[in-house]
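Pasting a structure below so you can have a look.
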Amino acid sequence: AFRVCDDRIVAAYGDAAALEELCRRSDAVTYEFENVPGDILIPLCKKYNIPQGYKPLYDSQDRLREKDNARANGLRTPLYAAVDDEASLRAALAEIGFPAALKTRTLGYDGHGQLVLKDEADVPRALPMLSVPCILEAFVPFDFEASIVMVSDGERVIHFPIGRNVHRDGILDLCFVPAEGMDDGLRSRMAAAGERFMKSCRYRGILAIEFFIRDGEFYFNEMAPRPHNSGHYTIEGCTTNQFRELVRFLLGEPLQEPRLVAPTVMKNILGQDLEAAERVAAENRPGVHVHLYGKTESRPKRKMGHITFVGMDAGEYGAAWADRFVK
Ligand code: AMP
């Protein structure tokens, strides 16, 4: 971001004075990840222009609060329970059963801070995680995962076409739009539930929700009040994109309903695929858009960029492209 911004402040996420200085210097403030504690924003929201408010950030920062909030506002979740020590872990396992996913309540992302418990023998391995508050969730043997990105101006909610997501090691790997395997009925039920949820929570701005799909039903997994990795395909794949609609909301301009330009595939580029992505970029093919983020250090499993293939479906990607990246 330093390459394109005209001002910078470097400080800890929870540094209230630095956040206030950021607000003072900005016409409008938004957030693009979940590590700034939402409650610090409460007094700032009264004094500065933070059009999304603090609530979507605050609600998404703790997996327990996030799931309680999803249920309270009409979304179905997998079974879950708060876990703080061995006794509460055993009680939760008795209720939820194996397999189950144990996750830290805060600061987890991309599969960090998660452990799948397959059976009793895995329990001792879970105990060290309990030094911080955790949540135990039923492991969902989903058919696939899907996500929706929405933007609300407080009255109207627009949403981007729903994608099917493929994760590897807990990290988004591929996104296929439209989500084949999802019939129109399921697609519109999911979109309607997402829009109802946003209205019921009175959220404004952008929100992405990730769902597990199983037997024609969808289950809330998590949400993010920011442009989402699964929405990066919208830059070229849609008539308007998630970043632009967020900015239009922040500036008080009317939102535009997006349309899919053509079937689109998004492939995330992690450190191990950076060289392959650079070769793809050099080929300069029509419909193949390579985005490299310019991060100074490349590591395996670190998101270094993404490639968007416009006019391609999952079958074509599998046949012509999948082999070019690390398996
Ligand atoms: P999360 O950070 O909660 O989105 O987890 C990252 C990925 O791990 C998800 O996108 C799923 O692929 C997998 N995962 C997490 N929780 C569960 C669960 N309860 N059941 C099945 N898979 C899960």
Going by heavy atoms in the side chains, are L207 and F197 under 4.5 Å from each other?
-> yes

Look at the side-chain heavy atoms of Ile, Leu, Val, Met, Phe, Trp and Tyr, link any pair under 4.5 Å apart, and say whether L127 and L136 land in one connected group.
-> yes

Residues, nucleotides or ligands: over 12 heavy atoms within 6.0 Å of R324 CZ = yes

Can we say D169 and K301 salt-bridge, meaning some charged N sits less than 4.0 Å from an Asp/Glu carboxylate O?
-> yes

What's the verdict on salt bridge (Lys or Arg N to Asp or Glu O under 4.0 Å) for E120 and R90, showing C-alpha distance, side-chain angles and the deciding distance?
-> CA-CA 10 Å; E120 192 59 42; R90 295 215 174 263; 2.7 Å; yes

What residue pairs, at least two apart or across chains, pass salt bridge (charged side-chain N to carboxylate O under 4.0 Å, His left out) with a residue in residues 150-162?
-> R156-E257

Any chance CZ of R71 has more than 12 other-residue heavy atoms, nucleotides or ligands included, within less than 6.0 Å?
-> no

Decide whether Y219 and L75 are clustered together by the hydrophobic rule: side chain heavy atoms of Ile, Leu, Val, Met, Phe, Trp, Tyr closer than 4.5 Å, transitively.
-> no

Could you pull out the closest heavy-atom pair between G14 and I40, with the gap in Å?
-> O-CD1, 3.3 Å

Does some side-chain heavy atom of I206 sit less than 4.5 Å from a side-chain heavy atom of M150?
-> no

Step by step, would you call M266 with E236 a side chain to side chain contact (heavy atoms under 4.5 Å, CB included)?
-> CA-CA 10 Å; M266 194 278 309; E236 293 91 7; over 6 Å; no

Look up atom CD in E217 and atom CD1 in I213, then write down how far apart they are to the nearest 0.5 Å.
-> 9.0 Å

ILVMFWY clustering at 4.5 Å (side-chain atoms), partners of L64 | Y80, I135

Nearest heavy-atom pair of D39 and P43: which atoms, and what distance?
-> O-CD, 3.8 Å

Are L130 and F98 connected in a single hydrophobic cluster, I mean Ile/Leu/Val/Met/Phe/Trp/Tyr linked by side-chain heavy atoms less than 4.5 Å apart?
-> yes

Heavy-atom check, side chain of L172 versus side chain of R168, under 4.5 Å | no

Output the distance between atom OG1 (T264) and atom CD1 (I235), rounded to the nearest 0.5 Å.
-> 11.5 Å

Minimal heavy-atom distance between C238 and P161, with the atoms involved, is SG-CD, 3.8 Å

Taking ILVMFWY side chains as joined if any heavy atoms are under 4.5 angstrom apart, and letting links pass through other members, which residues group with F325?
-> V166, L174, F176, V265, I269, L274, V280, V288, V290, L292, M304, I307, F309, M312, Y317, W321

Would you say the side chain of P178 lies within less than 4.5 Å of the side chain of L260, judging by non-hydrogen atoms?
-> yes

Could you give the distance from OG (S60) to CD1 (I209), rounded to the nearest 0.5 Å?
-> 11.0 Å

Are any side-chain N or O atoms of T239 and backbone N or O atoms of R259, one a donor and one an acceptor, separated by less than 3.5 Å?
-> yes

The complete set of salt bridge (charged side-chain N to carboxylate O under 4.0 Å, His left out) pairs with one or both residues in residues 19-31, sequence neighbours excluded, reads D7-R25, E20-K47, E21-R24, E21-R25

Output yes when R214 and E145 qualify as a salt bridge under the 4.0 Å nitrogen-oxygen rule, no when they do not.
-> no

Got a salt bridge between K67 and E137, using NZ or NE/NH1/NH2 to carboxylate O under 4.0 Å?
-> yes

Looking only at heavy atoms, which two atoms of A92 and V83 are closest? And how far apart?
-> CB-CG2, 3.8 Å

Would R125 and D122 count as a salt bridge (Lys or Arg N to Asp or Glu O under 4.0 Å) if you check the C-alpha gap in whole Å, the side-chain angles of each, and the deciding distance to 0.1 Å?
-> CA-CA 5 Å; R125 280 201 300 130; D122 287 334; 3.2 Å; yes

Do you reckon Y58 sits in the same ILVMFWY cluster as L19, going by side-chain contacts under 4.5 Å, direct or chained?
-> yes

Is the closest side-chain heavy-atom distance between Q256 and I158 below 4.5 Å?
-> no

Does a side-chain heavy-atom distance below 4.5 Å link V177 with I162?
-> no

Look at atom CD of E275 and say whether more than 12 heavy atoms of other residues, nucleotides or ligands are closer to it than 6.0 Å.
-> no

What is the ring orientation for H291 with H306, classed by angle as parallel under 30°, tilted 30 to 60°, or perpendicular over 60°?
-> parallel

Can you name the residues that form a side chain to side chain contact (heavy atoms under 4.5 Å, CB included) with A126, not counting sequence neighbours?
-> L89, L102, L115, L117

Take D62 and T106 through the side chain to side chain donor-acceptor pair (under 3.5 Å) test and state the conclusion after the steps.
-> CA-CA 5 Å; D62 175 330; T106 59; over 6 Å; no

Verdict with reasoning, C134 to D84, per side chain to side chain contact (heavy atoms under 4.5 Å, CB included) = CA-CA 6 Å; C134 287; D84 300 302; over 6 Å; no

Evaluate the criterion side chain to side chain contact (heavy atoms under 4.5 Å, CB included) for residue pair L270 and R302; output intermediate values, then yes/no.
-> CA-CA 5 Å; L270 306 185; R302 186 173 192 207; over 6 Å; no

N268 side, atom CG; S230 side, atom OG - distance, nearest 0.5 Å = 10.0 Å

Exam field: side chain D143 to backbone D215, donor-acceptor pair closer than 3.5 Å | yes

Output yes when E34 and R226 qualify as a salt bridge under the 4.0 Å nitrogen-oxygen rule, no when they do not.
-> yes

Derivation and outcome, salt bridge (Lys or Arg N to Asp or Glu O under 4.0 Å), residues E297 and K295 | CA-CA 6 Å; E297 193 191 333; K295 295 184 183 178; over 6 Å; no

Report yes if some heavy atom in the side chain of P51 is under 4.5 Å from a heavy atom in the side chain of F249; otherwise report no.
-> yes

Hydrophobic cluster identity match, F243 and I148, side-chain contacts under 4.5 Å | no

Sort and list the pairs that fulfil ring pair (Phe, Tyr, Trp, His ring centres under 6.0 Å) and have at least one residue in residues 126-170, not counting sequence neighbours.
-> F142-F212

Backbone of D85 reached by a side-chain donor or acceptor of S88 within 3.5 Å = yes

If you draw the axis of the six-membered ring of F218, does the NZ or CZ of R189 fall within 45° of it and under 6.0 Å from the ring centre?
-> no

Ring centre gap for H228 and Y233 strictly below 6.0 Å = no

Point-to-point distance, once rounded to the nearest 0.5 Å, from CG of N73 to CG of D59 = 8.5 Å

Salt bridge check: are R187 and D184 linked by an N-O gap of less than 4.0 Å?
-> yes

Atom CE in M198, atom OG in S152: separation rounded to 0.5 Å?
-> 5.0 Å

Hey, would you say the Y54 and Y31 ring centroids sit under 6.0 Å apart?
-> no

Can a salt bridge be assigned to the pair E245 and R248 using a cut-off of 4.0 Å between side-chain N and carboxylate O?
-> yes

State, with a plain yes or no, whether a side-chain heavy atom of R105 is found less than 4.5 Å away from one of Q61.
-> no

Evaluation steps, side chain to side chain contact (heavy atoms under 4.5 Å, CB included), between R204 and V151 = CA-CA 7 Å; R204 294 152 61 88; V151 182; over 6 Å; no

Can you label the angle between the F211 ring and the F220 ring as parallel, tilted or perpendicular, going by 30° and 60°?
-> perpendicular

